[in-house]
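If you're wondering where the values come from, they're calculated on a predicted model, not measured in any experiment.
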Amino acid sequence: MVAERAGSCAVAGGFREAFRVWREETWPAIRARAKAENAEVLFGDQVGIRPDQVTGRTWGAKGSTPIVRRTGNRFSVNAMSAISTRGRMHFMGFTQSFDAKVVCRFLSRLVGHFDHKVHLIVDRHPAHRSKTVRAWLADHQDRIELHFLPSYSPELNHDELVNADLKRSLPHTHRARNQAEIAAETRRFFHRRQRQPHIIRGYFGGPHVRYVLDENPMSF
C-alpha cells in the first residue's frame, strides 16, 4: 500500500512537472518563435459524435430516472478543428476513422487558409506522431509545424472546450436518426461558431487555459 501510494505521488509529481515545463518554458518558446516569424498559433483537436451519447438537459419526476428516447441505429461522425486567440476557427468533418491520412488532409486544408506559417498545437495521439504525418510535415516545414502537449493533459488544450461546447449544443429534443443528420448538425455548430469570434476567444479564458494570454505564466 505504501509503495503504491508513493508510486501514485511520483506519477502526479511527474505530471505537474510536465505541466510546469509546458507553461513556463515550451509554450513561451513557441509563442516567441511564432511572433518572430509573424506566424499563426492554433490549438487543434479531434472529436467523435454518436447519437447515443447524452447531450443537453432534460427533466424527470422526483425520485424517477428520466428517459431520453433515441434511435437504436449505430453511426457516428468525426471532426477535427483548430482555434486561435484571434477568434479564428477551422474545421473538417469526416466519417472514417481518425488516422494519419485524415491528419494530413486537415493540415493541407489548414495551411491553404494562410499566407504565413502556422504553428499547430495538438495532443500526442499516435496519428499526429505517425511516420506519414512526419513525412508530410517535412515537405511543408516552411508552412506549418506541429507541437505536442504533455501526455494526458486535455486541460491545457483550448480546443477541448470546443468539443465540449459542440456536444452540449447538439439538439437533445430531436435526436439525429442517421449519419447524414448528425453530420449536418455538427457542421451547423462549427459554421455558427465561425461567425461568433467572441465565443471562440472565450475558450481561452478558462482558469486552466488562460496561460496562453499571460505573458508571465505561473506554475500551479
Side-chain angles (χ1 to χ4, degrees), residues 26-27 30-31 33-34 37-50 53 75-151 153-167 169-170 179-180 182-197 199-201 203-204 209 212:
T26 309
W27 162 248
I30 294 171
R31 178 170 54 193
R33 281 190 53 201
E37 297 169 347
N38 192 30
E40 190 90 6
V41 179
L42 298 105
F43 286 76
D45 198 28
Q46 60 281 343
V47 62
I49 303 296
R50 306 187 315 271
Q53 62 191 24
F75 52 87
S76 65
V77 298
N78 304 303
M80 189 168 185
S81 62
I83 59 173
S84 76
T85 57
R86 300 180 182 180
R88 298 190 63 158
M89 171 183 279
H90 306 271
F91 81 95
M92 181 185 76
F94 55 97
T95 56
Q96 67 268 46
S97 299
F98 181 69
D99 58 16
K101 291 182 179 179
V102 169
V103 175
C104 291
R105 192 162 79 247
F106 177 76
L107 297 178
S108 179
R109 292 178 57 167
L110 185 62
V111 299
H113 290 286
F114 296 93
D115 58 5
H116 48 270
K117 187 174 181 178
V118 172
H119 288 268
L120 179 62
I121 297 168
V122 294
D123 61 24
R124 294 178 178 270
H125 190 286
H128 295 150
R129 298 178 290 117
S130 66
K131 182 178 179 180
T132 299
V133 171
R134 292 200 307 270
W136 189 94
L137 289 169
D139 291 335
H140 300 81
Q141 57 186 327
D142 60 327
R143 302 292 309 282
I144 188 169
E145 187 173 339
L146 253 60
H147 305 275
F148 302 108
L149 289 161
S151 300
S153 59
E155 62 269 39
L156 297 179
N157 191 345
H158 307 70
D159 208 48
E160 289 281 356
L161 300 178
V162 177
N163 299 341
D165 188 14
L166 165 62
K167 293 179 179 180
S169 299
L170 290 176
Q179 190 178 61
I182 199 170
E185 291 169 359
T186 301
R187 285 194 300 272
R188 277 194 291 271
F189 165 83
F190 281 111
H191 286 144
R192 185 167 64 251
R193 287 293 179 262
Q194 284 180 323
R195 298 190 296 270
Q196 300 169 314
I199 293 181
I200 298 171
R201 289 192 293 268
Y203 295 136
F204 292 83
V209 292
V212 170

Step-by-step side chain to side chain contact (heavy atoms under 4.5 Å, CB included) determination, Leu146 to Leu107: CA-CA 10 Å; Leu146 253 60; Leu107 297 178; 4.0 Å; yes
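- With hydrogens and angles left out, the side-chain atoms of Asn163 and Asp45 include a donor and acceptor closer than 3.5 Å.
- Between Ala79 and Phe190 the shortest heavy-atom distance is CB-CE1, 3.8 Å.
- In plain terms, the two heavy atoms of Ser169 and Arg193 that are nearest each other are OG-NH2, 3.8 Å.
- Here the shortest heavy-atom pairing between Leu120 and Phe43 reads CD1-C, 4.1 Å.
- The two residues Ser97 and Val102 come nearest to each other via the heavy atoms O-CG2, 3.6 Å.
- Here Arg86 pairs with Glu40 under the side chain to side chain donor-acceptor pair (under 3.5 Å) rule; sequence neighbours left out.
- A distance of 8.5 Å separates CG in Asn157 from CD1 in Ile121, rounded to the nearest 0.5 Å.
- Looking at Lys167 and Val47, their side chains come closer than 4.5 Å, going by heavy atoms from C-beta outward.
- Ser130 contributes atom OG, which lies 8.5 Å from atom CG of Asp99 (distance to the nearest 0.5 angstrom).
- Ring planes of His147 and His119: parallel class, angle under 30° (limits at 30 and 60°).
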Asn78 vs Phe98, side chain to side chain contact (heavy atoms under 4.5 Å, CB included): CA-CA, chis, key distance, verdict: CA-CA 8 Å; Asn78 304 303; Phe98 181 69; 5.6 Å; no
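- Heavy atoms of other residues, nucleotides or ligands lying less than 6.0 angstrom from CD of Gln96 number more than 12.
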Verdict with supporting geometry, Ser81 and Met92, side chain to side chain contact (heavy atoms under 4.5 Å, CB included): CA-CA 6 Å; Ser81 62; Met92 181 185 76; over 6 Å; no
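- Tyr203 and Asp159 share no donor-acceptor pair across their side chains, judged by distance under 3.5 Å alone.
- Heavy-atom minimum distance, Ala183 versus Val77: CB-CG1, 3.8 Å.
- Using a 4.5 Å cut-off on side-chain heavy atoms (C-beta onward), Ile83 and His158 make contact.
- With rounding to the nearest 0.5 Å, the separation of CH2 in Trp136 from SG in Cys104 is 7.0 Å.
- Atom OG1 of residue Thr186 and atom CZ of residue Phe91 lie 9.0 Å apart, to the nearest 0.5 angstrom.
- Using a distance-only test at 3.5 Å, with no hydrogens or angles considered, a donor-acceptor pair links the side chain of Arg134 to the main chain of Arg129.
- Smallest separation of non-hydrogen atoms from Ser151 and Arg124: OG-CD, 3.4 Å.
- The aromatic rings of His116 and Phe114 sit perpendicular, their planes meeting at an angle over 60°, well past the 30° parallel limit.
- Ring geometry, His90 versus His113: the interplanar angle falls from 30° to 60°, so the pair is classed tilted.
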Chi angles and distances behind the side chain to side chain contact (heavy atoms under 4.5 Å, CB included) call for Arg88, Ile200: CA-CA 7 Å; Arg88 298 190 63 158; Ile200 298 171; over 6 Å; no
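- Contact check for Leu161 versus Val209: side-chain heavy atoms found under the 4.5 Å cut-off.
- Atom CD of Gln179 sits about 12.5 Å away from atom CD1 of Ile49, to the nearest 0.5 Å.
- Side-chain atoms of Gln194 come within 3.5 Å of backbone atoms of Met89 as a donor-acceptor pair (strictly under, hydrogens ignored).
- Between Ile144 and Lys117 there is no side-chain heavy-atom pair separated by less than 4.5 Å.
- Residues satisfying the salt bridge (Lys or Arg N to Asp or Glu O under 4.0 Å) criterion with Arg143, sequence neighbours excluded, are absent altogether.
- Arg33 contributes atom CZ, which lies 5.0 Å from atom CD of Glu37 (distance to the nearest 0.5 angstrom).
- Contact annotation: the side chain of Phe189 never approaches that of Leu170 to less than 4.5 Å [non-hydrogen atoms, C-beta and beyond].
- Residues Gln46 and Val103 form no side-chain contact, since every pair of their non-hydrogen atoms from C-beta on lies 4.5 Å or further apart.
- Considering only heavy atoms from C-beta on, Leu156 comes within 4.5 Å of Pro150 through its side chain.
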